[in-house]
Amino acid sequence: MAGDSFGIPSSLTYPGYAGFSGIVDYNNTTFRVENCSVKAQQNIEPVEDVDGAASHGRFLLAPLTISGDINFKFDIFSTGSGDGGNGYQAALQFLEDAYGRDAETGNLRARLINRILNVRYHGGFNYEYHGILINTLRMSISAGRAVEISANLKGVSRTKNNTAQSKNVESAGMLAPVRVATYNDVQMVLEDNQSDSPSQIFDSSSFLVRDFNMSIDNGLQDIHTLGGRLRPYDIVAGKRKVSGSFKLLSNPGTNALRQYIQDHEKRAVSRLKMTLNLNKGITGFQPFMILPGVVPSLEDVTVTPANVVELSFNYQAFGADNHTSPFQNVTFPDVSEECVS
């Protein structure tokens, strides 16, 4: 009997599916990811009975849950014209969906839209996950590395999608080669927005930032109800927490920031506005995210003989449901001109 190179009969050999046959689509935007572990789970748990038997005799079916993580570097140039590409649009959508709240209920705004995550594992295995909400989202930027976005997602249901079986990179119109955003594409600006003419306290265009990260935590909770439904009836968000840190080289360029924090050591105020600018090519640096109500903590400094002196700052950002002030709510200029409450 003929065999393959491993000595296994050809009639018993099946080709395996490689990971690069997969593709991910969020909100009708297909983009490249490094990892996607979103899946449906339904645990079967034994019941611990006192019944004189050595084995479990009963079990219960746990609720259906849909959760997992997604990680990606977003692209910034596709044609060189600064259009951003699919990954850039996906990054903006993730940020908006992680932060935006509905004014009436206080829940995530994306809950009313039914965000869909489509995961094509390979040509014959494709699922749509419905009611996707972002539990936590983290953006990190380190010197010498690419801009990273990771999110923990939760959903309410899934369906098998047969219509997208043939969807691949070519049919999705995803350009290649494409450059991802890296640390040199980002600038961070801190301003005191107390007055009509904000005074600049720190501008990273002087090449001082070594590391930056931000986390949005929504504290999502599955809500289960009686009535024959095994999946969650709803997913409810808790109080939103926006926090992070940044690390700076210590030199005269950081004096204004250190002095500002020291001056407010005994009376912390939320007057700082943090703006992340992103280099989009021929259009130059444009606002990517504006984070209001930033309260930094005292610096953490370590001095060693072999290393340069660095200052680390932790911060929290406090928003408000007040649309009368442009400094009270996070904005994503490329998504919407309105404040996201």
Side-chain angles (χ1 to χ4, degrees), residues 26-29 38 63-70 90-117 129-139 149-158 193 213-227 229-244 268-276 287-295 314-341:
Y26 179 74
N27 189 37
N28 295 320
T29 299
V38 178
L64 173 69
T65 59
I66 293 174
S67 62
D69 298 313
I70 190 168
L92 283 173
Q93 194 64 69
F94 267 79
L95 284 165
E96 184 186 34
D97 288 348
Y99 193 90
R101 295 293 183 110
D102 177 56
E104 297 295 329
T105 66
N107 214 331
L108 285 172
R109 185 178 300 167
R111 169 179 168 272
L112 304 176
I113 306 172
N114 184 28
R115 291 285 189 238
I116 296 175
L117 181 75
Y129 298 95
H130 295 262
I132 290 293
L133 297 176
I134 299 176
N135 185 27
T136 59
L137 183 141
R138 187 174 188 270
M139 180 169 65
I149 288 186
S150 60
N152 176 259
L153 309 178
K154 295 179 73 68
V156 296
S157 65
R158 74 171 184 176
N193 59 29
N213 70 77
M214 181 198 68
S215 174
I216 302 175
D217 186 352
N218 288 310
L220 296 184
Q221 179 183 1
D222 291 337
I223 303 298
H224 298 280
T225 58
L226 304 180
R229 177 177 291 178
L230 195 59
R231 64 179 178 85
Y233 174 79
D234 198 0
I235 300 177
V236 176
K239 287 283 188 181
R240 177 178 54 210
K241 182 178 181 181
V242 182
S243 59
V269 293
S270 58
R271 285 165 37 181
L272 284 185
K273 179 180 69 172
M274 178 186 294
T275 302
L276 287 186
F288 176 68
M289 182 185 70
I290 301 173
L291 197 64
V294 173
V295 182
N314 294 319
Y315 68 87
Q316 293 192 52
F318 298 88
D321 297 322
N322 176 12
H323 292 279
T324 61
S325 170
F327 304 122
Q328 293 300 316
N329 301 285
V330 168
T331 55
F332 309 101
D334 278 14
V335 176
S336 173
E337 295 298 329
E338 299 294 329
C339 294
V340 179
S341 62

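Keep in mind that this is a model prediction, so the values were computed, not measured.
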request  = In sequence, state the C-alpha distance, the side-chain angles, and the governing distance for I216 and I134, and then conclude on side chain to side chain contact (heavy atoms under 4.5 Å, CB included).
outcome  = CA-CA 9 Å; I216 302 175; I134 299 176; over 6 Å; no
Practice task
For T29 and Q93, run side chain to side chain contact (heavy atoms under 4.5 Å, CB included): C-alpha distance rounded to whole Å, both residues' side-chain angles, the deciding distance at 0.1 Å, then the answer.
Solution key: CA-CA 9 Å; T29 299; Q93 194 64 69; over 6 Å; no
Notebook entry, point to check: Given I116 and N114, is the side chain to side chain contact (heavy atoms under 4.5 Å, CB included) satisfied, shown in steps?
Noted result: CA-CA 6 Å; I116 296 175; N114 184 28; 4.2 Å; yes
Report the C-alpha separation of F94 and L153 in whole Å, then their side-chain angles, then the decisive distance to 0.1 Å, and conclude whether the side chain to side chain contact (heavy atoms under 4.5 Å, CB included) test is met. CA-CA 10 Å; F94 267 79; L153 309 178; 4.1 Å; yes
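Judged as a side-chain contact (heavy atoms from CB on, under 4.5 Å), and not counting sequence neighbours, the contacts of L230 are Q42, L61. Under the side chain to side chain donor-acceptor pair (under 3.5 Å) criterion, N213 pairs with S245, not counting sequence neighbours. Residues passing the side-chain contact (heavy atoms from CB on, under 4.5 Å) test with V236 are N107, I223, D234, sequence neighbours excluded. Residues that satisfy the salt bridge (charged side-chain N to carboxylate O under 4.0 Å, His left out) test with R115, not counting sequence neighbours, are D97. Applying the ring pair (Phe, Tyr, Trp, His ring centres under 6.0 Å) criterion to Y129, with sequence neighbours excluded, gives no partner residue. With sequence neighbours excluded, the residues satisfying side chain to side chain donor-acceptor pair (under 3.5 Å) with T105 are D102.
Between M289 and Y99, every side-chain heavy-atom pair lies at or beyond the 4.5 Å cut-off. Contact check for L291 versus Y315: side-chain heavy atoms found under the 4.5 Å cut-off. By the 4.5 Å heavy-atom criterion applied to side chains, M274 and M214 are not counted as neighbours.
Here CD1 of I113 is found 10.0 Å from CG of L133. Values are rounded to the nearest 0.5 Å. The distance from the CZ atom of R158 to the CG atom of L64 is 7.5 Å, given to the nearest 0.5 Å. Rounded to the nearest 0.5 angstrom, F318 CZ and R240 CZ are separated by 11.5 Å. Distance CG/N135 to CG/L108: 9.0 Å, rounded to 0.5 Å. In this structure, OG on S243 lies 8.5 Å from CG on N314, to the nearest 0.5 angstrom. From E96, atom CD reaches atom CG of L137 across 12.5 Å, with rounding to the nearest 0.5 Å.
Between the side chain of N218 and the backbone N or O of A237 there is no donor-acceptor pair closer than 3.5 Å. In terms of modelled atom types and a separation under 3.5 Å, the side chain of R138 and the main chain of S215 share no donor-acceptor contact.
Residue pairs meeting the salt bridge (charged side-chain N to carboxylate O under 4.0 Å, His left out) criterion with at least one partner in residues 217-226, sequence neighbours excluded, are K154-D222.
Closest of all the heavy-atom pairs between I235 and G131 is CD1-O, 4.5 Å. In plain terms, the two heavy atoms of R231 and S157 that are nearest each other are CD-CB, 3.7 Å. Of all heavy-atom pairs between P292 and A317, the closest is O-CB, 3.7 Å. Counting all heavy atoms, side chain and backbone alike, P63 lies closest to H224 at CB-CE1, 3.3 Å.
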